[in-house]
Amino acid sequence: MIGSNARVVIRLLFTLCVFGLVLTGCWDMRSANEYIIVSSMSVTVGDQANYHVYLQMINPLEFVSDRAKGNSPTFSVDAEGNTMDQAFSRIERKTSRKLELSHMMLLIMDAKLLETDKGILFFEFLESMKDIRNDIQLVAAHQVAAPEFTKLYVPESRVSAVKIRMGLDSVEANWGGSPNTNLKQFIAAITSEGRQPVMSSMTIEHPSERQHAVDAGKNTDSPTEMISDGTAVMRRAKLVGHLSTEETRDLLWTQDRIKNTSLTVQCGKGQYVQVRVGRSKTHLEVDYDGNRPKIRIRINVEGTVSENQCEWIMLRKISGFDQVRKLTEKEIQDHVEATIAKVQKKYGVDIFGFGEELMRSHYQAFKKVRSKWDDEFVRAEVTVKVKAEIRRDGMTSENFLQDIPG
C-alpha cells in the first residue's frame, strides 16, 4: 500500500511534469520572421553551373489590406548551383531568410533541362527533400523559358502560381486537356516497368515585360496569357515530345480520367454539332495474341447536344439523336486511335500504362517482356470501340434554322 505522503509526492511530481510540458517551448518551433514563403519554383540549365533556380516568393504585407502599399505581391529571386542545395543556399544569402518550401504548389521545368540527363538527378533530389510536398504539381515550359512564369504579375489572382494551378485543375476537370501530374505520381511512373511519365505543359502567348510590373493590372487589353497547351511526353526523366490539348484528352480517355468535356463534331462543310459529355467510362484489356500485344479499349459516354448547325440533323426526331450518336462515336474513336498511333510511331514510349494493365491481368506474359515493354508497345495492335448515348439535348427547343421558310 502507498502511504498518504507518497501519494502527495506522486501528485506533485505529476503536476510539475504537466506544467513543464505546457510551459516549455517546442524544440522545433520556428519564428515566422525567419522564413520567406515560396509559392513556385522554375528550374533551367545554368550558364556557369548545373542548375539555375528561380523562386517566386510571397510579399505577405501586400495581402494585408491596412498595410499594403501597392507593391508587387510576389517577387522572384534566382541563383545558380551545381546542386540544388547550393542554389538554395545562395538564394537564402540574398534574402537573408530561410526558405519555406512546404507551401510551394508548382514546379516549372525548362525544356532545356528536361532534354538533358540532369533531370533524373534533379527528381531524385526532390523526392529526398522533406520540405517539398509530394503533391506539388509538375509543369514543363513549352516554347518559352521556364523562369518567365515566376516573373509574371496576374491581376485576377495576384500570384501566377495560383493562376496556373487553378487553370490546370479547371482544364483537367472540365475538359480533359491536362494530365496534372504531381511529384509522387511522376516518381511512380519513372520507376514503373509498364508506364512512362508525363507532365502538364504550359506556354505563354505574347510574352511581354510589361506583364512583370504591378501596373499590368491597369491594362484591360493585355495580350500576355498563360496557356495550358497539353502534355510533355517523357522517357523516364527525359523529354521526348509533346501532345496537344486535344491529344491529351485522348490520353486521359484511355486512362478513364475524363470527367467532363465538350466535343465539336463536324456534321457538314463548315458546320458542327456540339456535344457536352457529362459521363464517361473506359474499360481496358491488354493481353497477347500470338506473339503480339493486343490492346482493346472500350469507351462509353453519355452526352447532350448544346448546339446544332446542321439542318439535316433533326433533333425533334429520334433519328436525329441517332445521327449525332454515330458522329460522336466516330469522332472519339478516330482521335484516340490517331493519338496512340502517333505516340507509338513518333515517341515509342508507353505513356498510357498499357504495360501496367498487362502486368495486373497477365503477369506471366508481362514478366517475359518487362525489360523491353516500350518496344512491345510500339508493335501492339490497338482497337478502340466507342458507345455513346446522346440524351435529351440541352437546347430549349429544336434549332429554329429548320423552321425558317425557304
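Heads up: numbering here begins at 1 and tracks the sequence. Every value quoted in this text rests on a predicted model; they were computed, and no experiment measured them.
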Heavy atoms, side chains only, cut-off 4.5 Å: are [X] and [Y] in contact?
X	Y	value
Leu168	Val139	yes
Arg276	Ser306	yes
Asn260	Trp175	no
Lys326	Phe321	no
Ile313	Val324	yes
Gln271	Asn308	no
Ile340	Thr254	yes
Leu114	Met234	yes

Other residues, nucleotides and ligands only: do more than 12 of their heavy atoms fall within 6.0 Å of [atom1] on [X]?
X	atom1	answer
Asp117	CG	no
Glu127	CD	no
Glu381	CD	yes
Lys118	NZ	yes

Using a 3.5 Å distance criterion without hydrogens, assess whether the side chain of [X] forms a donor-acceptor pair with backbone atoms of [Y].
X	Y	answer
Thr245	Gly177	no
Gln364	Phe366	no
Asp110	Ser42	no
Gln185	Asn182	yes
Asp350	Gly355	yes
Trp312	Cys267	yes
Glu302	Arg279	no
Ser244	Gly230	no
Arg292	Arg379	yes
Gln344	Ala380	yes

* Between Thr203 and Glu205, does a side-chain hydrogen bond (donor to acceptor under 3.5 Å, both in side chains) hold up when you go through it step by step? -> CA-CA 7 Å; Thr203 192; Glu205 290 187 350; over 6 Å; no
Could you pull out all residues at least two apart from [X] that satisfy side-chain contact (heavy atoms from CB on, under 4.5 Å)?
X	value
His52	Thr44, Tyr54, Asp78, Glu80
Gln255	Arg195, Leu251, Leu252, Arg257
Lys342	Leu243, Glu247, Lys346, Tyr347

* side-chain hydrogen bond (donor to acceptor under 3.5 Å, both in side chains) between His242 and Ser201, intermediate numbers included -> CA-CA 8 Å; His242 182 263; Ser201 171; 3.2 Å; yes
* Please assess Asp287 against Arg296 for the test side-chain contact (heavy atoms from CB on, under 4.5 Å), listing each intermediate value before the final yes or no. => CA-CA 9 Å; Asp287 58 18; Arg296 292 179 288 271; 2.8 Å; yes
[X] and [Y]: side chain donor to acceptor below 3.5 Å:
X	Y	answer
Asn180	Asp169	yes
Gln309	Glu307	yes
Glu246	Thr248	no
Gln137	Thr181	no
His103	Ser39	no
Ser178	Glu172	no
Trp253	Thr282	no

Which heavy atom of [X] sits nearest to which heavy atom of [Y], and what is that distance?
X	Y	result
Ile108	Ala141	CG2-CB, 4.2 Å
Glu115	Lys238	O-CE, 3.1 Å
Arg370	Glu193	NH2-OE1, 2.7 Å
Ile258	Gly176	CD1-CA, 3.9 Å
Val233	Leu239	O-CD1, 3.6 Å
Arg236	Gln196	N-OE1, 2.7 Å

* Asked: In chain order, what residues pass the ring-ring contact (aromatic ring centres under 6.0 Å, His included) check against His335, with sequence neighbours excluded?
  -> none
* For the atom pair CD1 (Ile204) and CD1 (Ile227), what is the distance rounded to the nearest 0.5 Å? ->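 Result: 10.0 Å between the selected atoms.
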* Asked: Which is it for Phe149 and Met226 under the side-chain contact (heavy atoms from CB on, under 4.5 Å) test, yes or no, and what are the steps along the way?
  -> CA-CA 8 Å; Phe149 291 94; Met226 295 183 294; 3.9 Å; yes
* To do: With Tyr288 as reference, evaluate His362, Lys294, Glu376 under the side-chain hydrogen bond (donor to acceptor under 3.5 Å, both in side chains) test and give the passing residue.
  => Glu376
* Evaluation steps, side-chain hydrogen bond (donor to acceptor under 3.5 Å, both in side chains), between Ser361 and Glu285 -> CA-CA 8 Å; Ser361 57; Glu285 295 178 11; over 6 Å; no
* To do: Assess whether salt bridge (Lys or Arg N to Asp or Glu O under 4.0 Å) is satisfied between Lys184 and Asp135, documenting all intermediate values.
  => CA-CA 6 Å; Lys184 183 178 180 180; Asp135 65 351; over 6 Å; no
* Asked: With the threshold set at 4.0 Å, does a side-chain nitrogen-carboxylate oxygen contact exist between Glu92 and Lys94?
  ->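 The answer is no: the pair does not qualify as a salt bridge.
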* Parallel, tilted or perpendicular: which fits the ring planes of Phe354 and Phe377, with parallel below 30° and perpendicular above 60°? ->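 Phe354 vs Phe377 ring planes: tilted.
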* Asked: Listed by chain and number, what are the side-chain hydrogen bond (donor to acceptor under 3.5 Å, both in side chains) partners of Glu124, not counting sequence neighbours?
  ->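 Expected list: none.
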* Contacts of Thr339 that satisfy side-chain hydrogen bond (donor to acceptor under 3.5 Å, both in side chains) - sequence neighbours left out ->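 Per chain and number, Thr339 pairs via side-chain hydrogen bond (donor to acceptor under 3.5 Å, both in side chains) with Asp250.
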* Going through the checks in order, is the side-chain contact (heavy atoms from CB on, under 4.5 Å) test met by Phe88 and Leu55? -> CA-CA 9 Å; Phe88 283 160; Leu55 299 183; 4.2 Å; yes
* Would Thr328 and Gln333 count as a side-chain contact (heavy atoms from CB on, under 4.5 Å) if you check the C-alpha gap in whole Å, the side-chain angles of each, and the deciding distance to 0.1 Å? -> CA-CA 9 Å; Thr328 301; Gln333 178 181 338; over 6 Å; no
